[in-house]
Amino acid sequence: HAADTFRTDLMTITRHVLNEQSRHPESRGDLTILLSHIVLGCKFVASAVNKAGLAKLTGLAGETNVQGEEQKKLDVLSNEVFVNALVSSGRTCVLVSEEDEKATFVDPKLRGKYCVCFDPLDGSSNIDCGVSIGTIFGIYMIKNQDTVTLEEVLQPGKDMIAAGYCMYGSSCTLVLSTGNGVNGFTLDPSLGEFIMTHPDIKIPPKGKIYSVNEGNAKNWDTPTAKYVEKCKYPTDGSSPKSLRYIGSMVADVHRTLLYGGIFLYPADKKSPSGKLRVMYEVFPMSFLME
Ligand code: P6P
């Protein structure tokens, strides 16, 4: 029984990433170092997100906090945390963040061979009501180390080498793939470690849930409207699907990955090219789903 109580062979994200690295003897461990910096960023943001509500109560998140410093909004803070973590890893050369108008070209002295596209805090409009939010990231290997240009972050999604998200919800869950399966890790705050809780995640082949913002129905094109109608009024005698829509992509995708079904944000009259951003929402989530 004691063995059950104190399991010490826990698989942590650090051990998992190192195991993955050992599958590539030629690897110098650059991706391992990069991922460890991203993991640290996630731990920091998890802590800040969990305190955000309380900070408001204690007046820390007003215009200025007790030290008279202007209290940063969570998405601004998260962006600074990830930019600093990625730059200081010494393994990146160009960064694209949802929070920044322009790409960040890393100082040549600190440059590495990876490009990272990320949304530091996706769904941040949901923060104040405590709905799950998350960080989404996608990683490319630079194609031309000598002249780093924007082209490096405009690579096709199929060239992405790793992607993941960290969901800040009832628990802090990090889902990661470096191209060899998808694994989920849950932060144990008492250890400060992400423990593998969802090994080798595979989306169930069939699902009973559809996830779409029905409020956009007026703007849908006919094929979309017909598809959603079929979810609600199946013509093959199957039971209608359930609608679950959180409005935070990380939470909607995470539920879909674990429970199955479909998450869709179709292009419509209001957003003719769709709403979700290709570089740091669609490509990373597609990488994980695929
Ligand atoms: P809507 C959040 O702002 C976001 O980018 C995604 O996280 C989410 O899936 C989507 O927008 C929600 O959009 O129009 O349904 O509120």
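All ligand and atom numbering here is 1-based and tracks the order in the structure.
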Task: Numbering as shown, the atoms of ligand 1 that approach Asn213 to under 4.0 Å (heavy-atom distance) - done: 1 (P), 14 (O), 15 (O)

Task: Shortest heavy-atom approach to atom 3 (O) of ligand 1 - which of Lys270, Met249, Lys275 - done: Lys275

Open item on the list: Tell me whether Asn216 has any N or O atom under 3.5 angstrom from an N or O of ligand 1.
Closed with: no

Task: Proximal atoms of ligand 1 relative to Ser248 (non-hydrogen, under 4.0 Å) - done: 7 (O)

- [ ] State whether the shortest distance between N or O atoms of Asp252 and N or O atoms of ligand 1 falls below 3.5 angstrom.
- [x] no

Task: ligand 1 atoms in contact with Tyr245 (distance to a heavy atom under 4.0 Å) - done: 1 (P), 12 (C), 13 (O), 15 (O)

Task: Ligand-side contact atoms (ligand 1) for residue partner Gly123, heavy atom cut-off under 4.0 Å - done: 2 (C)

Open item on the list: Grouping I, L, V, M, F, W and Y whenever their side-chain heavy atoms are under 4.5 Å apart, do Leu258 and Ile246 come out in a common cluster?
Closed with: no

Task: Distance-only polar pair, side chains of Ser211 and Arg255, donor-acceptor under 3.5 Å - done: yes

Open item on the list: Within the 4.0 Å heavy-atom shell around Arg277, which atoms of ligand 1 are there?
Closed with: 5 (O)

TODO: Indicate whether the side chain of Tyr265 and that of Asp252 have a donor and an acceptor atom separated by less than 3.5 Å.
DONE: no

Task: Shortest non-hydrogen contact from Pro266 toward Trp220 - done: CG-NE1, 3.8 Å

TODO: Output the list of atoms in ligand 1 that are nearer than 4.0 Å to some heavy atom of Asp122, sorted by atom number.
DONE: 5 (O), 6 (C), 7 (O)

